[in-house]
Visitor: 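Mind looking over this structure? Questions follow.
The structure presented is a predicted model; accordingly, all values stated were derived computationally and were not measured. A, B, ... follow the sequence lines: proteins, then strands. Residue 1 opens every chain.
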Number of protein chains: 2
Amino acid sequence: MDPHLLTTFVTVARCGSFSAAAAELGYTQSAISQQIAALEADLGLPLLSRRPVEPTPAGRRLLEHAEPLLLRLRAARADVLRSAAAPRDRIALAVTPLGFTAALADRLARARAARPRLEVTVVTCGRERVAALVAEGEADLGLVDGLAAPSDPLRPPDAGPMTTAGVGEEDVVVALPAGHPLAGRAALRLADLADARWLRTPLCPLSRLRALVGDGFPVALEHRGDDVRTLIALVAAGHGLTLLPATVLGGAVAGAVGVPVSAPRLVHRVELLHGTLPPGPAADLARALTG
Amino acid sequence: MDPHLLTTFVTVARCGSFSAAAAELGYTQSAISQQIAALEADLGLPLLSRRPVEPTPAGRRLLEHAEPLLLRLRAARADVLRSAAAPRDRIALAVTPLGFTAALADRLARARAARPRLEVTVVTCGRERVAALVAEGEADLGLVDGLAAPSDPLRPPDAGPMTTAGVGEEDVVVALPAGHPLAGRAALRLADLADARWLRTPLCPLSRLRALVGDGFPVALEHRGDDVRTLIALVAAGHGLTLLPATVLGGAVAGAVGVPVSAPRLVHRVELLHGTLPPGPAADLARALTG
DNA sequence: TTGCATTACGAAAGTCGTAATCATG
DNA sequence: CATGATTACGACTTTCGTAATGCAA
């Protein structure tokens, strides 16, 4: 179970081909074949069926372990290296699209005012990638958002030991087309909307919604991507509903209306993610964001 | 960051000596020296100070990552192997001393009655070890106990992906010497006992208690080991207080008295731990224990 | 001097690439 | 057949053990 072989294995599984994986990893077909053979010999199990190249049941099981394992390995390496590195005046912030709220942007601005020389990079990406970037030390701090019961933690993806701290909670609204029969209501119960058609979007994962509220929430349309304006346009055009933070869809925006959720009590929560921070700008910024 | 080198590193760090680690791992002194050198070269950092052999700050950081990482690696391997193995009529159960309650023993007995050919092994050990045994597949099921707020999960140590399920909660009592001024009370508030002297014992971790109740609970005596009778004897002799499940210290036992805790609301909770179980005796037993 | 880590070096094993071979759609 | 995985084999690299060397109590 050499990580080297594991990396090759996940690449082959992803590519569905030995030769494609060889090209991607800069090896020859033959080397890949030998590595997979070595891994299979080590475990005493076939991991891939050939022609077409697909993981066997055991291979699928290994895949589930391998990715997070390799991530943790990179994270450990990065953390040790970082712990010995000199603090730098460059900060990288990884944020989910709805995680970087106006309030947090303000706090960041105030913190920067006190440290004018501080270079800041902000990267927007999905929650798993945020966690991975923070774990691997590519980002010093991460901001992930999600639905939660009030003051409940978010449970970000496990990418190794990491500190989390809530940095903001705000109300949640149902995004409805302006002409929707319920658009005029003062508040809505989510249970009453479980049979409506919903948008599947990374900005509001339906799986999370079902875990918090219950079954239902059938998918009307899938939206891939980060852009909130696209999402609101889809809602406005009646393709389906979604949930958004109240500050994002305050009143009526571009043909969509946000109606507060009265039950169950839900909040849009933002959490700060970081590894063990050495004293320096990153730690200061973490304090500033925590408020 | 080869796991092989990592294993060598943690062994050397634990032994505090290259030669002792060499003996333990079945290598020569020279090989160990070369492996540590390779790891240090890979990270570009000194990890051990020599004479005496002690981890450097970077080495300490690496140690924190290495142990759980290696555990997860073994766990992944075991899980893949297990997923492909035929179900066997032998079950191993890893339990913490207070995790294997009478109620659970009964459920186990009933489950065995239905499957007379089932061989069962029960291993008692600490919570980390239970988690590790389950993760590595040495045990099919684990039972860990701990203090928690009612219906709150226990958060067992992270040893890889694992399913947890509550299998029992019962009240908690403060164990007091029979002659203690408070021994006659119907109930006690823990906050009032924060200044009393407490026993440090793995059966009731004070760190957990402090996290749930607050600071205080100074240590009067440390007890290492699993034996509840020893613990009760220590309480009876006035060496300090501890918390126990109500069924363990129901009335007065051997000079100690259990007084219910009225505030905060705490329970002694037992959780079942297991990996993904293939259909078979282990899964059946898990169902039986869950009740 | 003694115990223990390091270095030098040769033997053994492992890993990769080239090229031939094999299997399957 | 043709595409793509496997096998054979040689070159190179890595890793270990033996033995000599270095170093601090």
Visitor: Salt bridge or not between B:D42 and A:R77? Use side-chain N to carboxylate O under 4.0 Å.
Guide: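 Yes, B:D42 and A:R77 are salt-bridged.
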
Visitor: Strictly under 4.0 angstrom, non-hydrogen atoms only: write out the protein contact profile of nucleotides 12-25 of chain C, one letter per nucleotide from the 5' end, B, S or -.
Guide: ----BBBB---BSS

Visitor: Main chain of B:P46, side chain of B:T56: is a donor-acceptor contact present, judged purely on distance under 3.5 Å?
Guide: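 Indeed, once roles are kept as given, a pair shorter than 3.5 Å links the two residues.
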
Visitor: Within the structure, does a side-chain N or O atom of A:S19 lie under 4.0 Å from either OP1 or OP2 of D:dT3?
Guide: no

Visitor: Figure out the CD1/C1' separation between A:I36 and D:dT7, and round it to whole Å.
Guide: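 It works out to 16 Å between those atoms.
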
Visitor: Within the side chain of A:R90, is there an N or O that forms a donor-acceptor pair under 3.5 Å with the backbone of A:V120?
Guide: no

Visitor: For the pair made of CG in B:L47 and C1' in C:dT6, what is the distance, rounded to whole Å?
Guide: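 To the nearest whole Å, that distance equals 17 Å.
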
Visitor: Side chains of A:L143 and A:T96: does their closest heavy-atom pair fall under 4.5 Å?
Guide: no

Visitor: Rounded to whole angstroms, how far apart are CG on B:L39 and P on D:dT14?
Guide: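 Distance check: B:L39 CG to D:dT14 P gives 16 Å.
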
Visitor: Assess the residue pair B:Y27 and B:H4 against the criterion (ring pair (Phe, Tyr, Trp, His ring centres under 6.0 Å)); give the C-alpha distance rounded to whole Å, side-chain angles, the decisive distance to 0.1 Å, and a yes or no.
Guide: CA-CA 12 Å; B:Y27 286 111; B:H4 183 207; 5.8 Å; yes

Visitor: Drop me the distance from B:L277's CG to B:T163's OG1, to the nearest 0.5 angstrom.
Guide: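 B:L277 atom CG to B:T163 atom OG1 measures 7.5 Å (nearest 0.5 Å).
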
Visitor: Please round to 10 degrees the angle between the axis of the first five pairs and the axis of the last five pairs in the helix from C:dT1-D:dA25 to C:dG25-D:dC1.
Guide: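 Result, rounded to 10 degrees: 30°.
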
Visitor: Would you say B:R208 has more than 12 foreign heavy atoms packed within less than 6.0 Å of its CZ?
Guide: yes

Visitor: Quick check against the 3.5 Å criterion: does B:S33 have a side-chain atom that pairs as donor or acceptor with the backbone of B:Q29?
Guide: no

